[in-house]
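Worksheet for the structure shown next.
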Amino acid sequence: MDTESTKQWSSDLKPQPGLGIFGLLRESFKTLKRNRKLMLPLLLHVFLFFSLLEFAQFYLLEPVGKDLASQLAEHPKLFEDFGNNMHRTDYRGVLNDIREILLVKLFIFTFSSIISLVFFVATVSSSSEAYTAKALNLTEMIMKIKKSWKKPIGISFYMILFTMGFIFACFFYVGMVSILAGNSWASYMFYGVVFLSIVVLWIYGSALWMMSLVVSVLEDAGGLDAIFKARELMKGENVKASQLTVLYGVASSVVYWVTDAIISQTQETWSEMVISVVLTTGLICTLKLLMFVVFTIFYHEQKEVCDEKAAKSLYLPIAGYEV
């Protein structure tokens, strides 16, 4: 009797097959539909903010870029002189242009990062509630943002450090092989292996980064704890998570390719700018929204599997001793 009961519970607690890529996309669209009262205004505001930043960058940098290009044409040896510490007085305009470009780029990067952070936290928190048959109002979503906005920044800091360390290690090993092996066939094979390893680890690292960000918003974990938690959740489904990342990358590349193809048929600068903002910014924001929701659903799927495994491991030893 005890054995039959244990087998029954073991069968009930066995994790169900997870959703495939298309299953996750289908659930994401359903979640977006349930949560459209929050998601549509959020997407519209994010699109408007990014569009304003694009137009501001174009308006501020176009005259500076033209002035810098003309001065570089007048002084073709400018960078060579800088390399030799020869700073002539007529180079002051070039330095001012470069300084202005860097300041504008820093301004755009800062505000873009703030918008992206709010966009991510709001999307993940509201999509998680919608997926679990709950609904967040605007006030609750703002409270979620105020509570969780710091943790994704810490995770991004650690992931950037890991990425820099990985890149440094690759350059170090490639340099050592190029010195020791020279141009032999073994060195070229090693370069190929390193290149493939970089691609695979980059894709996996991007998926882990995204999953860690989702964990930091939905759980009381941050920094390395969230990264380790995300790695545990992704066990056994690393390929699926990587496929989601690749799918987003391919879709983004298609958007940029289509935009470039349309812009190539246009001669006016402002027309190119408007087409680029409407198509590229709008579609990329939509793809990001979908990716955030997909990884939120993927988190819940993996969380349910881990909880079922934990329940099974806790019950079976007890069930064996029942009378």
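Environment of CZ in F50: crowded, with over 12 heavy atoms of neighbouring residues, nucleotides or ligands closer than 6.0 Å. Other residues, nucleotides and ligands place no more than 12 heavy atoms under 6.0 Å from the CG atom of D220.
Although no hydrogens or angles enter the test, the distance criterion places no donor-acceptor pair under 3.5 Å between the side chain of S127 and the main chain of V124. No donor-acceptor pair under 3.5 Å is formed between the side chain of S112 and the backbone N or O of F109.
When only modelled atom types and interatomic distance are considered, K235 and Q302 share no side-chain donor-acceptor pair under 3.5 Å. Y299 and E219 form a side-chain donor-acceptor contact under 3.5 Å, judged by distance and modelled atom types alone.
Residues L24 and E301 meet the side-chain proximity criterion, which asks for heavy atoms closer than 4.5 Å. Contact check for L25 versus L247: side-chain heavy atoms found under the 4.5 Å cut-off.
The heavy-atom pair separating V255 from T280 by the smallest distance is CG1-CA, 4.1 Å.
In this pair, F295 and F298 present their aromatic rings perpendicular. The plane angle is above 60°, beyond the 30 to 60° band. The aromatic rings of H300 and Y131 lie tilted to each other, with the angle between the two planes from 30° to 60°.
For F162, there are no ring pair (Phe, Tyr, Trp, His ring centres under 6.0 Å) partners two or more places apart in sequence or in a different chain.
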